[in-house]
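A short write-up of the structure that comes next.
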Amino acid sequence: MNFTGSNILSIKQFERNDIDKIFAVADTMKPYAQRKRATRVLDGAILGNMFFEASTRTRVSFGSAFNLLGGAVRETTGFESSALSKGESLYDTARVLSGYSDVICMRHPEAGSVSEFAKASRVPVINGGDGANEHPTQALLDLYTIRNELQSKGREVDGLRIAMIGDLKHGRTVHSLSQLLCLYNNIHVSLVSPKELAMPEYLIESLREAGHEVTISEELTTHISHVDIAYSTRIQEERFQSKEEADLYRGRFRLNQSIYTQYCEPNTVIMHPLPRDSRAEANELDSDLDQNPNLAIFRQADNGVLVRMALFALVLDVAHLVEKSAYDVPWFPGHRD
Ligand code: NCD
């Protein structure tokens, strides 16, 4: 695809060579994300960061990624503090905000809303999550993480064995990741969820049509025993009718160090898009896994900055110019290696 000026709305818009391109640019962003180098390539550009649903890392990492390229960030958070709560249409909001920004990232609770917004926007729009539908940049950073974790073990994405665990019905990250895996070969996917929270049928069909082997189960331990990646997810409480209904499923698929040691192959990588629900009744990934070197959740979150920098650089067509305005930073860079 031609990235320049394009919206990033869905994984469906990518081919495999597009992913290679994003990852190649993301690799070059490491010195900037690690604060060893700084660049002013987006000096003067403005990101409109519009988050109409709860977010911490997606919103902040989009903003940091844009700042790290030298651009400025303007934010709206929450429905109540925006004119959408006064009955303004997405069309009007998009027409107005695209006059104030060079690119817009948006999260919204309704499936399809970000695409609708993009139709009226005069600048590129990046989907930061639209309801239970898609979260394409999360899938990209997830696959970037999978690629890196496997690479360090001498493996590649083709032939991957992955278990996706938890609320696969409402989890937009696993929806986008499943679509992304369809671009690769010979993947074994175990879908572990309560029956009521199963992966939507159309995504299972897409995986099978791509030639992948898909198993479906309500049982965790046997299905994490032969995988390279165990990808855990949160019960998406905000998509249920009530908290009580969500509570029925909370804590079903807890993973801790003793289960890991007993059932997982050595070096099985643990991922989670975060936030993990660490309340006692849920405890999706126990904190006793924090010392496990195969817990990749924080590397995964760090990779979000690299992938989002790459997307901005490609969409605004400056990837080839980043290094031209770059310099070494004088300040203490923290410990990010
Ligand atoms: C995810 C989301 O918002 O879909 N979080 C994120 O963006 N990293 C997953 C979740 O909230 O459970």
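Count residues from 1 along the sequence. Counting starts at 1 for both ligands and their atoms, in listed order. The analysis underlying the following values was restricted to heavy atoms, covering all of them including side chains, and did not include hydrogens, waters or symmetry mates.
- At a 3.5 angstrom cut-off on N or O pairs, His135 counts as close to ligand 1.
- No side-chain heavy atom of Phe253 sits under 4.5 Å from any side-chain heavy atom of Glu284.
- Between Thr173 and ligand 1, a contact under 3.5 Å exists for no N or O pair.
- The closest protein non-hydrogen atom to atom 11 (O) of ligand 1 is Arg234 NH2, 2.9 Å.
- The two atoms that bring Gln236 and Asp167 nearest to each other are N-OD2, 2.9 Å, heavy atoms only.
- In terms of polar-atom proximity, Pro275 is not counted as a contact of ligand 1, lacking any N or O under 3.5 Å from an N or O of the ligand.
- A heavy-atom distance below 4.5 Å is not found between the side chains of Asp228 and Val269.
- Taking the centre and axis of the six-membered ring of Phe62, the NZ or CZ atom of Arg308 falls inside the cone set by 45° and 6.0 Å.
- Residue contact annotation: Pro273 has a non-hydrogen atom under 4.0 Å from ligand 1.
- Among all non-hydrogen protein atoms, the one lying nearest atom 4 (O) of ligand 1 is Arg172 NE, 2.7 Å.
- Residue Gln138 has at least one heavy-atom neighbour below 4.0 Å for each of these atoms of ligand 1: 6 (C), 7 (O), 8 (N).
- The CG atom of Asn294 lies 7.5 Å from the CD atom of Glu149; values are rounded to the nearest 0.5 Å.
- Taking 4.5 Å as the limit, some side-chain heavy atom of Val73 sits within range of a side-chain heavy atom of Asn67.
- Ligand 1 lies less than 4.0 angstrom from a heavy atom belonging to Arg107.
- Residue contacts with ligand 1 for Leu274 involve N, CA, C or O but no side-chain atom from C-beta outward (heavy atoms, distance under 4.0 Å).
- Under 4.0 Å is where a charged nitrogen must lie from a carboxylate oxygen, and between Glu265 and Arg161 at least one such pair does.
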